[in-house]
Amino acid sequence: MQTITAYLEKLSAHKELLVTSLVAVFCILLSAFFPTDNQFQLISKNIFFLVFLPMLYIKLILKGNLSDWGWNFENKKEGALLGALAFLASLIIFYLIIRFTTFSSHYTISPLVRNNFGIFILYELVFFNIFFFTQEFFFKGFLLFSFRPFFVYSVLIQAGVYCATTFLSSSPSLQALPLIFLSLIGGYVTYKTRSFLYSYIFGLLFIIILDAYIIHLVK
């Protein structure tokens, strides 16, 4: 009887986390499998399921503040320092990967983007930017801060869920390697600074430079 009571008390204490986990799974599944016909619908889908629904849950159900889920620019000095270090580390690591592996031959960029600078800028700063922000908010914001009571393990949890989601929605390939890497290093920056915005900024700059370098190599 005492064992059952203790179990129920423990379950009650983690009720919020269990409900949050179910909401996260619901959002991920809808984001992965809701049908879309073009890039605009894909972006709209991600905004709705990975940003709008979690925001509603935080504000209406949890009665929380978005700044407590990483939407803030607090710890500016630490954020700038860690973001810069993570950015440089990412550049160095992927330069070595490109230099000593066949990664660049497996990392595909649309010819339309590759052959037109204006379209490249539009793609990176609008389409990819919006897509990347939705990923950052959901995984490094909503998910990481929901599991923050598990301390640094929250970084591994959100990165693991991101990897599982990536492989669920598409076949495994080296194309996903940069974003998988960012889920880890960006997750750590987010955990230390209590803000996903620093991770978002350095990650976006890193991807733009990586794409530009790959295009340079192909040409």
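Keep in mind it's a predicted model, so treat the numbers as computed, not measured.
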Measure from the side-chain N and O atoms of Lys140 to the backbone N and O of Gly187, and report whether any donor-acceptor pair falls under 3.5 Å.
-> no

Side-chain contact test, heavy atoms from C-beta onward, threshold under 4.5 Å: evaluate it for Leu56 versus Lys59 and give yes or no.
-> no

Only one of Val126, Leu179, Ile47 forms a side-chain contact (heavy atoms from CB on, under 4.5 Å) with Phe131, so which one is it?
-> Leu179

Show the numbers, then the answer: is there a side-chain contact (heavy atoms from CB on, under 4.5 Å) between Leu125 and Ile208?
-> CA-CA 9 Å; Leu125 297 183; Ile208 291 174; 3.8 Å; yes

Calculate, to the nearest 0.5 Å, the distance between atoms CG and OG belonging to Asp68 and Ser146 respectively.
-> 11.0 Å

Taking the side chain as every heavy atom from C-beta outward, state whether Ser44 and Phe34 have any atom pair closer than 4.5 Å.
-> no

Any side-chain heavy atom of Pro54 sitting closer than 4.5 Å to one from Trp69?
-> no

Sorted by chain and number, sequence neighbours left out, side-chain contact (heavy atoms from CB on, under 4.5 Å) with Leu112 holds for Ser110, Ile119

How many angstroms lie between OH in Tyr188 and CG in Leu85, if you round to the nearest 0.5 Å?
-> 10.5 Å

Gap separating the CZ atom of Arg148 from the CD atom of Gln158, nearest 0.5 angstrom = 12.0 Å

Min side-chain heavy-atom separation Ser183-Phe139 under 4.5 Å | no

Cluster link Phe100 to Phe103, ILVMFWY, side chain under 4.5 Å = yes

Does the side-chain contact (heavy atoms from CB on, under 4.5 Å) test come out yes or no for Phe202 and Ile185, once each step is laid out?
-> CA-CA 11 Å; Phe202 98 74; Ile185 192 170; 3.9 Å; yes

Honestly curious: do Phe52 and Val23 fall in one hydrophobic cluster under the side-chain, below-4.5 Å linking rule?
-> no

Mind checking whether Met55 and Phe147 sit in one hydrophobic cluster, side chains of I, L, V, M, F, W, Y counted as touching below 4.5 Å?
-> yes

Heavy atoms of other groups near Lys192 NZ, more than 12 under 6.0 Å | no

What closest approach, in Å, do Leu144 and Tyr191 show between heavy atoms, and which atom pair accounts for it?
-> CD2-CA, 4.4 Å

Name the one of Ile180, Ile157, Leu143 that satisfies side-chain contact (heavy atoms from CB on, under 4.5 Å) with Tyr162?
-> Ile180

Applying side-chain contact (heavy atoms from CB on, under 4.5 Å), run through Phe49 and Phe26 and close with a yes or a no.
-> CA-CA 9 Å; Phe49 293 128; Phe26 176 75; 5.8 Å; no

Can you tell me how far CG of Leu42 sits from CG of Asp37, rounded to the nearest 0.5 angstrom?
-> 11.0 Å

Mind checking the OH-OG spacing from Tyr107 to Ser105? Nearest 0.5 Å is all I need.
-> 13.5 Å

Thr20 side chain to Tyr57 side chain, donor-acceptor N/O pair below 3.5 angstrom = yes

Between Phe94 and Phe181, does a ring pair (Phe, Tyr, Trp, His ring centres under 6.0 Å) hold up when you go through it step by step?
-> CA-CA 10 Å; Phe94 271 84; Phe181 174 78; 5.4 Å; yes

Does the side chain of Pro178 come within less than 4.5 Å of Phe206's, by heavy atoms?
-> yes

Here the pair of heavy atoms bringing Leu50 nearest to Cys27 is CD2-O, 4.2 Å

Report yes if the distance between the aromatic ring centroids of Tyr200 and Phe196 is under 6.0 Å, otherwise no.
-> no

Between Gln175 (side chain) and Thr108 (backbone), is there a donor-acceptor pair under 3.5 Å?
-> yes

Would you say the side chain of Asn46 lies within less than 4.5 Å of the side chain of Val51, judging by non-hydrogen atoms?
-> no

Ring pair (Phe, Tyr, Trp, His ring centres under 6.0 Å), paired with Phe137, selected from Phe132, Phe145, Trp71, Phe142 | Trp71

Within the distance-only criterion (no hydrogens, no angle test), does the side chain of Thr101 pair as donor or acceptor with the backbone N or O of Ile97 below 3.5 angstrom?
-> yes

Quickly, which of Ile209, Leu204, Ile207 forms a side-chain contact (heavy atoms from CB on, under 4.5 Å) with Glu124? Name it, please.
-> Ile207

Any idea which heavy atoms bring Ile98 and Ile214 closest together, and the distance?
-> CD1-CD1, 3.8 Å

For Ser90 against Leu182, the heavy-atom pair lying closest together | OG-CD2, 4.3 Å

Candidate list Leu82, Thr193, Thr190, test side-chain contact (heavy atoms from CB on, under 4.5 Å), partner Tyr198, passing option = Thr193

Would you please classify the geometry between the Tyr123 ring and the Phe128 ring as parallel, tilted or perpendicular, with 30° and 60° separating the classes?
-> tilted

Can you get from Leu210 to Leu217 by hopping between Ile, Leu, Val, Met, Phe, Trp and Tyr side chains that sit under 4.5 Å apart?
-> yes

Can you check whether Ser154 reaches Phe151 side chain to side chain, under 4.5 Å on heavy atoms?
-> no

Using the side-chain contact (heavy atoms from CB on, under 4.5 Å) rule, take Asn75 and Ser195 through it: C-alpha gap first, then chi angles, then the decisive distance, then the call.
-> CA-CA 8 Å; Asn75 304 312; Ser195 169; over 6 Å; no

Kindly check if the number of other-residue, nucleotide or ligand heavy atoms within 6.0 Å of CZ (Arg194) is above 12?
-> no

Could you pull out all residues at least two apart from Leu156 that satisfy side-chain contact (heavy atoms from CB on, under 4.5 Å)?
-> Tyr153, Leu184

Between CD of Gln135 and CZ of Phe138, what distance do you get to the nearest 0.5 Å?
-> 9.0 Å

Side chains of Asp211 and Phe120: does their closest heavy-atom pair fall under 4.5 Å?
-> yes

When hydrophobic residues are tied together by side-chain contacts of less than 4.5 Å, even through go-betweens, does Val25 share a cluster with Leu22?
-> no

